[in-house]
Protein chains: 2
Amino acid sequence: MGKCEQCIVREFSSLKALNKDELVKLAECKTSRTIKKGKPIFEEGDVVNGIYCITSGICKMSKLSANGKDQIVKLIKAGELLGQRSMISDEPANLSAVALEDMEVCFIPKSEVMNMFDSNNQFSMNMMKTICGDLKEASEHMVSISQKTVKERLAETLIYLAETFGKNTDGSLGIQLSREELAGMIGTATESCIRLLSDFNKLGLIELQGKKITIKDLNKLKRIAD
Amino acid sequence: MGKCEQCIVREFSSLKALNKDELVKLAECKTSRTIKKGKPIFEEGDVVNGIYCITSGICKMSKLSANGKDQIVKLIKAGELLGQRSMISDEPANLSAVALEDMEVCFIPKSEVMNMFDSNNQFSMNMMKTICGDLKEASEHMVSISQKTVKERLAETLIYLAETFGKNTDGSLGIQLSREELAGMIGTATESCIRLLSDFNKLGLIELQGKKITIKDLNKLKRIAD
DNA sequence: TTTAAAATATGATAATTATCATATAATTTT
DNA sequence: AAAATTATATGATAATTATCATATTTTAAA
């Protein structure tokens, strides 16, 4: 079993508040798991009895609607935690978490997290701040969906992806989403998303090579996004 | 200065975890304020250095967009707290809070709330649960805006208003929103909202008497909302 | 490698929703 | 109470976006 002390999740998440003793205890009770691309970590309705530390990979949190569309609410990457909302609320998950790449995650059981909440106020405070940050993001996403056009949202989302997931060595976006998934992020039909990507391509804002998207003119994209 | 012990906010919010001593301390440090209908409690960009307890009245939390539309993210009523997100994140408010009716609020300074976080784990836990609940609501609202039609969202919103704010003695909704505000909740143009209300009226689902809206056929509304 | 399946692309069209114009009703101010 | 302002209502039209159809390309499987 790996140590938690040097873990990327400890570095970037609420867990940075933990001291050495707490990290040792954590290393003892955690369990590791590999999730293959396309597989769920948990699904809507599942009871999540702890939190997941994402050691590597990226996953989407999304909700499948009656008409078969999958709305992506949030992307989560290595270094972040997953499942807090459901665990803290003591409710089944309202979103599914599905791997967009092969992932490594560690699971920390609820009892252990609760002990840490009790004994380490800084950890609780960090967790609160993270959730408040998520809440702010969700509000802003909501306003964006409701007040911007699909074109504006696509531009906005491409910029977000570039800022959050960086670039590959060839300059293309460091995260690969299908057109359907990208459409699910901006809340539109897959065909509309494809069409607008083509438009952006023709305008020289981006370049498309199969699934790969390369941003060519960030400033113009920013002007479109507002 | 009123006592906090019998306060409606204490009964319904995270504050229910406070013991008598804590309530006495709270009563000493809180300040009360009246806000007239239409006036802000705080506005986007303001630093919120504490939390507000809503003793009476209702307010909207909303964000004004570039094109002048006011998207309502959430309604908050008597018994609830306001301003936690911003206070905990240590960031300026990302939404404005404006009174929809005359309101009575009490302000608890941040230092006092932080003391209570430190000394009362149940209070922290309650607060976390509330914020997690808000996050869940925000996700669901987002999915709804992105996947449902305006008609479905209007039906959904009318049902939500009925469930959350009850009825007046004449059977009409216990909250009065202008058509513009209702449009801001469902994320559509005011005219579209008015038009659909007219349709619902003609179909016998609701009845309109000036600003007052009375739900006549809840089941059919539910079928429309999905 | 060939075939099959899935993803991407694009045209044509329909449906939804926004915008503009204007009328009427309600509310506020004088 | 009359005038002015604001809110609500509705028609006409434009803009946006979804849907359906089908072609092409890419990826996976046989």
Side-chain angles (χ1 to χ4, degrees), chain A residues 36-38 65-71 100-101 143-158 172-173 176-203 206-214 224-226, chain B residues 36-38 65-71 100-101 144-158 172-173 175-203 206-214 224-226:
Chain A
K36 284 281 165 193
K37 179 176 175 171
S65 75
N67 57 36
K69 280 189 192 168
D70 197 42
Q71 172 73 25
L100 294 176
E101 307 172 343
V143 173
S144 162
I145 289 182
S146 134
Q147 306 208 326
K148 291 188 173 181
T149 63
V150 175
K151 187 195 281 189
E152 289 167 341
R153 279 181 272 147
L154 175 58
E156 186 176 68
T157 301
L158 291 173
S172 64
L173 284 184
Q176 284 218 4
L177 296 169
S178 69
R179 302 291 191 263
E180 194 179 359
E181 284 164 336
L182 192 53
M185 282 195 73
I186 68 183
T188 189
T190 306
E191 296 95 321
S192 300
C193 174
I194 289 174
R195 224 177 288 273
L196 286 168
L197 281 174
S198 288
D199 292 350
F200 283 5
N201 189 10
K202 281 165 196 156
L203 290 170
I206 61 173
E207 200 174 278
L208 302 172
Q209 315 130 76
K211 253 191 177 44
K212 286 189 177 175
I213 300 174
T214 308
I224 290 174
D226 275 358
Chain B
K36 284 281 166 194
K37 179 176 175 171
S65 75
N67 56 39
K69 281 190 190 164
D70 199 43
Q71 172 71 27
L100 294 176
E101 307 171 344
S144 161
I145 289 182
S146 133
Q147 306 207 326
K148 291 188 173 179
T149 64
V150 175
K151 188 196 280 186
E152 289 167 342
R153 279 180 274 148
L154 175 58
E156 187 177 70
T157 301
L158 290 173
S172 64
L173 285 184
I175 179 174
Q176 283 217 4
L177 296 169
S178 69
R179 302 294 190 259
E180 193 178 1
E181 284 165 337
L182 192 52
M185 283 196 73
I186 67 183
T188 191
T190 306
E191 296 95 322
S192 300
C193 174
I194 289 173
R195 224 177 288 273
L196 285 168
L197 281 173
S198 289
D199 291 352
F200 283 4
N201 189 12
K202 281 165 197 158
L203 289 168
I206 61 174
E207 201 173 278
L208 302 172
Q209 314 132 74
K211 252 190 177 42
K212 286 190 178 176
I213 300 175
T214 308
I224 290 175
D226 272 356

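Throughout, a chain's letter reflects where its sequence line sits, starting with A, and its residues are numbered from 1.
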Nearest-Å distance, [atom1] ([X]) to [atom2] ([N])?
{"X": "A:E191", "N": "C:dT13", "atom1": "CD", "atom2": "P", "answer": "17 Å"}
{"X": "A:K37", "N": "C:dA6", "atom1": "NZ", "atom2": "C1'", "answer": "13 Å"}
{"X": "B:D199", "N": "D:dT10", "atom1": "CG", "atom2": "C1'", "answer": "11 Å"}
{"X": "A:L196", "N": "D:dA15", "atom1": "CG", "atom2": "C1'", "answer": "14 Å"}
{"X": "A:E181", "N": "C:dA7", "atom1": "CD", "atom2": "P", "answer": "10 Å"}
{"X": "A:Q176", "N": "C:dA6", "atom1": "CD", "atom2": "C1'", "answer": "16 Å"}
{"X": "B:E207", "N": "D:dT8", "atom1": "CD", "atom2": "C1'", "answer": "17 Å"}
{"X": "B:I213", "N": "D:dA7", "atom1": "CD1", "atom2": "P", "answer": "16 Å"}

Examine [N]: is either OP1 or OP2 under 4.0 Å from a nitrogen or oxygen in the side chain of [X]? Give yes or no.
{"X": "B:S198", "N": "D:dT8", "value": "no"}
{"X": "B:K211", "N": "D:dT8", "value": "yes"}
{"X": "A:R195", "N": "C:dA9", "value": "no"}
{"X": "A:T190", "N": "C:dT8", "value": "no"}
{"X": "A:K212", "N": "C:dT8", "value": "no"}
{"X": "A:S192", "N": "D:dA18", "value": "yes"}

Where the side chain of [X] is concerned, which of [options] is the nearest nucleotide?
{"X": "A:K202", "options": "C:dT19, C:dT10, D:dT19", "value": "C:dT10"}
{"X": "B:R153", "options": "C:dT17, C:dT10, D:dT8", "value": "C:dT17"}
{"X": "B:S178", "options": "C:dT19, D:dT8, C:dA9", "value": "D:dT8"}
{"X": "B:I194", "options": "D:dT10, D:dC20, D:dA18", "value": "D:dT10"}

- Base, sugar-phosphate, or nothing: which does B:T149 touch, judged by heavy atoms less than 4.0 Å apart? sugar-phosphate
Within the structure provided, determine whether [X] and [Y] are in side-chain contact (heavy-atom separation under 4.5 Å).
{"X": "B:S178", "Y": "B:L182", "result": "no"}
{"X": "B:I206", "Y": "B:L208", "result": "yes"}
{"X": "A:I213", "Y": "A:E207", "result": "no"}

- Which pair of non-hydrogen atoms, one from B:K211 and one from B:R179, has the smallest distance, and what is that distance? O-NH1, 3.9 Å
- Taking for each residue the nucleotide of DNA chain D with the nearest heavy atom, is it A:K148 or B:L197 whose nucleotide lies nearer the 5' end? B:L197
- Between B:R179 and A:A189, who's closer to the 5' end of DNA chain D by nearest nucleotide? B:R179
- d(B:E180 CD, B:M185 CE) to nearest 0.5 Å is 14.5 Å
Cut-off 3.5 Å, no hydrogens considered: what does the side-chain donor-acceptor table look like for residues 147-158 of chain B, sequence neighbours left out?
residue, atom, partner, partner atom, Å
B:Q147, OE1, A:S65, OG, 2.6
B:Q147, NE2, A:K69, O, 3.4
B:K148, NZ, B:E156, OE2, 2.7
B:K148, NZ, B:A225, O, 2.9
B:T149, OG1, B:E152, N, 3.2
B:E152, OE1, B:T149, N, 2.9
B:R153, NE, B:K148, O, 3.3
B:R153, NH1, B:I186, O, 2.4
B:R153, NH1, B:G187, O, 3.4
B:E156, OE1, B:S144, OG, 2.6
B:T157, OG1, B:R153, O, 2.8

